[in-house]
Amino acid sequence: MTLVSIDDQLASLSSSQSSVAWRSPSNIAIVKYWGKHGIQLPRNPSISFTLDAAHTDTKVTFKKKEQVDNDISVDFYFEGEANEAFASKIIKFLDGLDEEFSFLRDYDFKIESSNSFPHSSGIASSASAMSALALCICSIEKILTGWPNDSTDFLQKASYIARLGSGSAARSLFPEVASWGTHSEIENSSDIRAIAFGDELHESFKGYHDDILIVSAAEKSVSSRAGHALMEGNPFAAVRYEQANRNMVSTIEALKTGDILKFGKILEEEAMTLHALMMCSDPSYILMKAGTLAVIDKVRAFRKETYLPLYFTLDAGPNVHLLYPDEVADQIWPFIEKELKPFCVDGKIIRDRIGSGPRMI
Ligand code: DP6
């Protein structure tokens with residue numbers, strides 16, 4: 001597939017259009033965002049791989065209201081069916097965006113959204129869903145007002161808006177690798193939006209694999225929102241934020257130099273720290289399942305035996321992401337299929353790769 005630049009995609013928008021649609025991917029954090037304050041501001045910077053197979057398609061149709069009122073008017077359809085619960089969440093989100101968009105109360109919006117991954121897979125959809133919605137609303141602004149002129153301003157605003165919906169969504173806007181959160185050694189870094197890593201990603205990470213093992217599809221017992229909040233009273237919070245800042249520098253260096261071993265070490269340290277923080281929160285909670293631990297043990301044993309660079313990470317849930325370079329995929333996949341697939345619900349594994357970012361559809 002040939003890639004059309006975001007600038008060209010924006011240029012294709014016309015003022016006569018009454019709908020717009022985007023496909024936006026999920027992402028997997030290497031250094032994790034865990035803890036927030038103020039209005040969706042992170043306690044520490046984070047960096048992620050943009051994914052490809054796991055994505056959300058969102059189409060927004062907009063029509064000038066026949067009778068002007070002060071309401072936000074949204075009909076929301078998820079996978080073809082009207083969904084009131086999602087509609088009210090989106091209305092609440094858009095209701096807070098008057099300063100960012102002046103037109104929201106003048107139109108009736110119909111939003112249709114669907115995910116590439118099954119709803120019940122336990123895969124967090126907030127990053128792909130909120131980034132796709134942000135891209136649609138920013139495109140409508142472009143259609144109605146002509147602003148912005150270039151992709152830099154457009155993506156900055158879309159990332160800012162996506163962040164307000166879900167922190168990790170801010171990072172889904174960029175190809176391959178994105179970082180979010182102010183860091184003294186990262187140029188242009190900011191707490192209010194993510195930035196692209198740029199073209200310094202080492203060859204070794206191109207086409208990197210992320211096989212997502214669905215160990216449990218059950219709804220999480222503690223939401224990310226509640227988990228972030230519990231960091232405020234966590235006795236290890238300050239050391240954690242320092243560790244994340246250090247890991248940002250090491251990760252960026254590893255991504256530039258192709259140091260897969262260093263990358264893998266940080267990847268696993270971050271996953272284990274995230275879950276350790278949950279376990280020592282008050283109240284304490286555990287999101288890993290027996291299958292999560294079994295997979296982790298097997299991955300470590302496999303690595304010890306084969307010296308192949310297979311590393312795991314977790315987000316705020318029981319499912320395991322297995323990351324490895326494309327060049328060893330033929331040696332690693334048979335192990336995953338034979339030894340790890342039995343731990344997955346209905347043998348479910350989402351075979352994903354590092355991706356090229358969102359696109360208009
Ligand atoms: C563990 O972005 O889902 O996946 O801002 O409350 O929507 P909200 O939280 P969310 O948190 C993601 C946490 C994480 C780590 C990460 O993606 O960086």
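Excluded from the calculations below are hydrogen atoms, water molecules and symmetry mates; all remaining heavy atoms, backbone and side chain alike, are included. We count ligands from 1, going down the list as the structure has it; atoms in each ligand are counted the same way.
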Exercise for the section: Identify the heavy atoms of G258 and F205 that sit nearest to each other, and give their distance. Expected result: CA-CE1, 3.8 Å
Problem - Connected hydrophobic set around W180, excluding itself, where side chains approach under 4.5 Å - result: Y33
Problem - N/O separation below 3.5 Å, R225 to ligand 1 - result: no
Problem - Mode of S166 contact toward ligand 1 - side chain, backbone, both, neither (heavy atoms, under 4.0 Å) - result: both
Exercise for the section: With heavy atoms of K36 as the reference, note each atom of ligand 1 found under 4.0 Å away. Expected result: 5 (O), 6 (O), 8 (P)
Practice task
Please find out if less than 6.0 Å separates the ring center of F263 from that of F49.
Solution key: yes
Handout entry: Residue part near ligand 1, for L274, under 4.0 Å between non-hydrogen atoms
Key = side chain
Practice task
Please name all residues satisfying ring-ring contact (aromatic ring centres under 6.0 Å, His included) with F335, sequence neighbours left out, ordered by chain then number.
Solution key: F302
Practice task
Mark up the atoms of ligand 1 that fall under 4.0 Å of a heavy atom belonging to A29, in ascending order.
Solution key: 16 (C), 17 (O), 18 (O)
Practice task
Run the numbers for me: atoms of ligand 1, each under 4.0 Å from some heavy atom of G167, listed by number.
Solution key: 2 (O), 5 (O), 7 (O), 8 (P)
Exercise for the section: Please confirm whether K289 makes a cation-pi placement over F343, using NZ or CZ under 6.0 Å from the six-membered ring centre and within 45° of the ring normal. Expected result: no
Handout entry: Given T58, D57, T56, N83, the one that forms side-chain hydrogen bond (donor to acceptor under 3.5 Å, both in side chains) with S113
Key = T58
Fill in the blank from the handout: Of D95, L97, I91, the one forming a side chain to side chain contact (heavy atoms under 4.5 Å, CB included) with F93 is L97
Practice task
For D315, take its heavy atoms, then give the atoms of ligand 1 lying under 4.0 Å from any of them.
Solution key: 4 (O)
Practice task
Using a strict cut-off of 4.0 Å, indicate which atoms of ligand 1 neighbour a heavy atom of S126.
Solution key: 3 (O)
Practice task
Would you mind running through ligand 1 and noting each atom that sits below 4.0 Å from a heavy atom of A316?
Solution key: 1 (C)
Exercise for the section: Consider every N or O of Y33 and every N or O of ligand 1, then say whether any pair is closer than 3.5 Å. Expected result: yes
Practice task
Compute both the distance and the angle, then confirm whether K265 meets the cation-pi test with Y311: under 6.0 Å from the six-membered ring centre, within 45 degrees of the axis.
Solution key: no
Fill in the blank from the handout: At under 4.0 Å between heavy atoms, what of S168 touches ligand 1? The answer is both
Practice task
Between R171, Q40, R163, flag the one that comes closest to atom 18 (O) of ligand 1 by a heavy atom.
Solution key: R171
